[in-house]
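Numbering of ligands and ligand atoms starts at 1, following listing order.
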Amino acid sequence: MSNDDAIQLRSVSRRYGTGDSTVTALDEVSLTFPRGTFTAVMGPSGSGKSTLLQCAAGLDRPTSGSVRVGGTDLTALSERRLTLLRRERIGFVFQAFNLLPSLTAAQNVALPLRLAGRRPSRARVREVLARVGLGDRARHRPTELSGGQQQRVALARALITRPEVLFGDEPTGALDSRTGREVLTLLRGMVDGEGQTVVMVTHDPVAAAHADHVIFLVDGRVEGRLTGADADTIATRMTHLETVPC
Ligand code: ADP
């Protein structure tokens, strides 16, 4: 593994069930996500995208193979250490914003630090909210914010711990295209401006075109990749994958 890799998966397989009903969600996947890059993961429904993200982020354990975050082999960690690593070194945004409705934007953003037993500095919370363009919304509750603003709060919450990697599972899936683009532009800016590493599952070629690399999964295997591709090229490749005969 090179020091330039934020995440490395080596021969990662994840099987569910046993005997005849075994499903191989990931089949010997080897991949690296270099630091300071933005990668989109695409593929037909059931191709293993969520499983890949969950294994890479330490939310799920592979059946075999290894996952490294920085220099740390996740497969060797106890549950407790894995939880700590996720809390301190990994950020998440999901399709659903998952904000706590009774808390203000600032309190939602500060929550990961509180859960880790750290006292969040007001300046840091303000800085992260400003980074996502919500410096003037700190005291608003989620119901007082638009969908795009709520997702930006979720982004700020994911970034408060300065994670080594930010994972997104369809982070723009619940947003209209203009608002989705704003969130993608923010992610792109974090990669370009701050060297953040971003890995995002999406089914949307326009969203994937914001990434540096696109990885295509079919039946739990990496079937191809594109670098620097536009939305049309990505869409054409997707159509191709979905018509590959079984
Ligand atoms: P995608 O995100 O690309 O839709 P998933 O990673 O969710 O794909 O699923 C990959 C395969 O693994 C599918 O066949 C799915 O049915 C199966 N799978 C996912 N999670 C489970 C589970 N908890 N139990 C059994 N099978 C699962």
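- Tracing side-chain contacts under 4.5 Å through hydrophobic residues (I, L, V, M, F, W, Y), one never reaches V183 starting from V214; they form parts of separate clusters.
- Interface atoms of ligand 1 facing P44, defined by a heavy-atom separation under 4.0 Å, are 3 (O).
- The protein non-hydrogen atom at the shortest distance from atom 15 (C) of ligand 1 is V23 CG1, 4.7 Å.
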Begin from the C-alpha positions of D27 and T24 and carry the test side-chain hydrogen bond (donor to acceptor under 3.5 Å, both in side chains) through to its verdict. CA-CA 6 Å; D27 191 2; T24 303; 5.9 Å; no

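- Below 4.0 Å from some heavy atom of S45 lie the following atoms of ligand 1, by number and element: 4 (O).
- In this structure, the protein non-hydrogen atom closest to atom 3 (O) of ligand 1 is K49 NZ, 2.8 Å.
- Side-chain atoms of T32 and L9, non-hydrogen and from C-beta on, never get closer than 4.5 Å to each other.
- Residue R61 places its CZ atom among more than 12 non-hydrogen atoms of other residues, nucleotides or ligands, all under 6.0 Å distant.
- Among all protein heavy atoms, the one lying closest to atom 10 (C) of ligand 1 is G46 O, 3.4 Å.
- Comment: R131 does not engage E127 in a salt bridge, judged by the lack of any side-chain N to carboxylate O separation of less than 4.0 angstrom.
- In the vicinity of S47, heavy-atom distances shorter than 4.0 Å reach the ligand 1 atoms 1 (P), 3 (O), 8 (O).
- From the protein, the heavy atom lying nearest to atom 12 (O) of ligand 1 is A25 CB, 3.3 Å.
- Electrostatic pairing of D60 and R14 counts as a salt bridge here, judged by a charged N lying under 4.0 Å from a carboxylate O.
- Residue, atom and distance of the protein heavy atom nearest to atom 7 (O) of ligand 1 are S50 CB, 3.8 Å.
- Protein heavy atom at the shortest distance from atom 6 (O) of ligand 1 is T51 OG1, 2.6 Å.
- In this structure, the protein non-hydrogen atom closest to atom 19 (C) of ligand 1 is Y16 CE1, 3.4 Å.
- From the protein, the heavy atom lying nearest to atom 8 (O) of ligand 1 is G48 N, 3.1 Å.
- Using a 4.5 Å heavy-atom threshold, the side chains of L53 and F92 count as separate.
- By the side-chain hydrogen bond (donor to acceptor under 3.5 Å, both in side chains) test, T197 is found to be paired with no residue, residues two or more places apart in sequence or in another chain being considered.
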